[in-house]
Structure formats: C-alpha cells, structure tokens
Chemist: 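Could you have a look at this structure, given as structure tokens, before my questions?
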Number of protein chains: 2
Amino acid sequence: MSTSGKTAYHHGDLRAALLSAAMEMLEGGEPFSLRAVARRAGVSPTAPYRHFKDRDALESALAAEGFRDLLDGLGGGRGLPASLPDLAEFAVAYVAFALRRPALFRVMFGKPCDGADDERVKAADALHQLLADALDRVFPDADAEALASAGWGLAHGLACLYLDGKLRAASDEEVAGRVRGAFLALVSVGA
Amino acid sequence: MSTSGKTAYHHGDLRAALLSAAMEMLEGGEPFSLRAVARRAGVSPTAPYRHFKDRDALESALAAEGFRDLLDGLGGGRGLPASLPDLAEFAVAYVAFALRRPALFRVMFGKPCDGADDERVKAADALHQLLADALDRVFPDADAEALASAGWGLAHGLACLYLDGKLRAASDEEVAGRVRGAFLALVSVGA
DNA sequence: ATACTGTGTTAGCACTGCAAACATAACGCA
DNA sequence: TGCGTTATGTTTGCAGTGCTAACACAGTAT
C-alpha cells in the first residue's frame, strides 16, 4: 500500500480500491470503463482483470452493493410497509433512491442479468421476498406474491420513467407527491 | 442503387437502409454499432455520419420507430382501455411488447433522453397523453393524470423486471397471467 | 533454497465512435 | 451545353475500449 513506505508492487487491497473508484466514477457521472477505473486506482490498465473476470463482473459487484444500499434504505429508515399508505411511502422511497443515484440504479437494472449465480439475481429475489413477506402480514387474504410484484412493478416503473425523463416533475418533492398520487389513484379506482 | 445496373456510388436511400439494417441487427441480438450497421448496408464505415449526427441519433430514430409500433400495438389491436379489465389487458400487451422485442424496448427507454427536441420525448408524451385521455373518459371523477402515470408505471415496471430477469415466469402465457394478477391484486387491495 | 502461487505490468489485437480531407455524382443555372 | 454548388460516400487517422498473452515481482510452502 501507499500508507507505508514499502515498495507497493502489490497494492494490498486492489479489489476494494477498484470497487470504490468505480463507484465514485459512476456516481460522479463519468462514463466508467475498466481502464479508467484502473487509472483512477493508480494501477496498470489490465490489473483489474486479476480481480474481475469481466467488465460485467465489476458492474455486477457494483450492482450488488447498490441492492444492499437500496434494501437498507427501504427497510432501515421506516420499517417495512405495514399499511396501504406505507406501501405508497415505500414506492416514494424507491423512486427517490433511483433519482438520487441514477447511474447506480441503471447498473442495477439495465441489463439481462442472466446467470443464475449472479449476485444481482439473489439480491433482487431478496427484495421481492421481503416485500412479499411484509405484504402477507398486512393483507393475509390477498395474493401476496401478486401484490408484491405489483407494488414493486409500480415503484420500479415510475422510477424508470422519471429517471428517463419520460415523466417529468420540477422537484424531488413534486416527484414524491406524484408517485404517492399515482399509487393512491390506482388502488382507489377499484373501489 | 443496386437493382439497376448503375454505378451506385450513391446509394439512393441510405438512411432508410441504415435504419432497417440497424433494426435487424438490434432485433437479431447482435450488438449494434455504427460501423457494423454500415458494413451490413454495404457502405463505408463512416457513411452513416452523413445521415445521423451521432450514434445516439441513430438510436433515437430506432426508438421513435419502436414507439410508433408500441402505440400501434396498444391502440390498434384492442381499442383503448375502456374499463378496469381493459386496463389490465393494456398492461399485459405492454409487457408482451417488451418481451417480444427486448432490445428495441431497451433502446426506447434505457437512457436519459434529455434533449427537448428528442423524437423520443414527443413519442413518450404521446403515449402518456393517450393513456390519460382514455382514462379520463372511463373514470371522469378520478385524477386522470395520476391514474395514467400509475397505469403506465405499473406496466412499465413489470416489463422491465421481467425483461431483466428480476421477475421470472416460464412462458409468455404465465407472464400475461401474472401481470393481470398483479394489476388486479393492486386495484382490489384498496376496496 | 526452490518451486509455486497470487498479483501486477507491458505489449498487442480487434474493435469502436468520431473528425478531416477527399472523391463522385446529381442538380441548378448561365 | 457547360460550370459551379451541394449532397452523399470514401479514405485516413486518432483516441479510447475490452480482452488476451507473455512477462515480472513478491510472499508462502516445501
């Protein structure tokens, strides 16, 4: 490492350094590439290949980190949805996360994500399961699976549409209000 | 052109040829690049720049075509949603489109889409407006704007999640069933 | 001590988007 | 008819990318 005066041919914890460099670039708006990440970490252009098979593997690791943060943000702050209004706030928080960390959100979702062993798949399943569990407790008679998909779908769809500029709002507050409104409009239309 | 025996230094309708070549490649699963598209159209690597400012411009044109097809598919086939079940079928059709033409769908939505003059923005607005109009007729008392956003959001979110493998189903029929189920579960939970 | 293994480096390939300078053909107008 | 102008395509070239292969260095185990 650099903190000691040692030769530092071996970095010490390159993998972590690469991940944080990549995350910084991603969130900083710079288009991130393996080579650029390597530059930022101060190593040779191909050093990352010792730690990540692929560009995809790096992305996958970033995405996994994103899922952890998302789960923390959703579960941690306000407790799991326990009522209809809670569900609405869940959607609001989900969309807020997407708008606060747009590039990360895109990395988390933007691509096929095929491999069964993909970290992302497990993380996504965890989110879905968490939602389904919570909903099952709140609405025991309903089809929790279907409801969880719907809730996730609605939140995710609105997040994407606002993120891509397909839906527009002036401020984050307005987005929150619109998301809440959309959710409530939909659940109350069947009454 | 090539159909006549002429010299064919000028292609005749390169722009259209490039677009259809690009669409074929996109739908064919090949990662599409300006150069590859040019190759496929049988012209020099940089010829496309005469017709598209950017790689983005080509993508934008493809996306616009995609939006037209999507609108046709939604509006044309079954008439606009006129009832709650219709809305569900609308969502089903939306997701089906995404799964049938995944790469196109990603191009249509996958990126910021900033420019105010972007064809995509207008196309997306048209979709939103169409939905809002239809819903306003069906549910005059409801907030049509909010409802349209919710409907679009739900359909779009489910489309993304199935497309990315975050939600999974064995067959297209199962997807359709689950989308319907999710929609109905959500609107009936508020009853 | 010696081999081995893990980690980093250099060199090089095929590809990409894009800009500049050039070539060719069509069209407008005398 | 002939001559410029303009639209369209070509060649050349640059910087950047992902990735592989061959090499260099350092710590560990035998």
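As the structure is a computational prediction, the values presented were derived from the model and not from experiment. Protein chains get the first letters and strands the later ones, always in sequence-line order, with residue 1 at the start of each.
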Chemist: Round to the nearest Å and state the distance from B/Asp13 atom CG to D/dT8 atom P.
Modeler: 10 Å
Chemist: OP1 or OP2 of C/dG6 less than 4.0 angstrom from a side-chain nitrogen or oxygen of A/His51, does that happen here?
Modeler: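 False: A/His51 side-chain N/O out of range (4.0 Å or more) of C/dG6 OP1/OP2.
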Chemist: For the pair made of CZ in B/Arg40 and P in C/dT16, what is the distance, rounded to whole Å?
Modeler: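 In whole Å, C/dT16 P lies 14 Å from B/Arg40 CZ.
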Chemist: Please classify the nucleic acid contact of A/Ser44 as base, sugar-phosphate, or nothing, using heavy-atom distances under 4.0 Å.
Modeler: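 Base contact - A/Ser44 has a heavy atom under 4.0 Å of at least one base atom.
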Chemist: Does NZ or CZ of B/Arg55 lie under 6.0 Å from the centre of the six-membered ring of B/Phe32, at an angle within 45° of the ring axis?
Modeler: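 Verdict for B/Phe32: a cation-pi partner in B/Arg55.
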Chemist: In whole angstrom, give the distance that lies between atom CZ of B/Phe32 and atom P of C/dC15.
Modeler: 18 Å
Chemist: Is A/Arg50 near enough to C/dT5 that one of its side-chain N or O atoms lies under 4.0 angstrom from OP1 or OP2?
Modeler: no
Chemist: Between C/dG17, C/dT16, D/dT12, spot the one nearest the side chain of B/Thr46, thanks.
Modeler: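 Of the options given, the side chain of B/Thr46 lies nearest D/dT12.
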Chemist: Taking the side chain of A/Arg55 as its heavy atoms from C-beta onward, which of C/dT9, D/dT11, D/dG18 lies nearest to it?
Modeler: D/dG18
Chemist: If you go through the side-chain atoms of A/Arg35, does one of them form a donor-acceptor pair with the base of D/dG16 closer than 3.5 Å?
Modeler: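 Result: no qualifying N/O pair found.
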Chemist: Check this for me: does any side-chain nitrogen of one of A/Asp143 and B/Arg178 sit under 4.0 Å from a carboxylate oxygen of the other?
Modeler: no
Chemist: Looking only at the side chain of B/Tyr49 (C-beta and beyond, no hydrogens), which of the listed nucleotides C/dG17, D/dC19, D/dT17 gets closest?
Modeler: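 Looking only at heavy atoms from C-beta outward on B/Tyr49, the closest nucleotide is C/dG17.
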Chemist: Whole-Å distance between C/dA19 P and B/Phe52 CZ?
Modeler: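 Between P of C/dA19 and CZ of B/Phe52: 16 Å.
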Chemist: Taking all non-hydrogen atoms of both residues into account, name the closest pair between B/Ala159 and B/Val95 and its distance.
Modeler: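 Answer, listing the atom of B/Ala159 first, then B/Val95: N-CG2, 3.8 Å.
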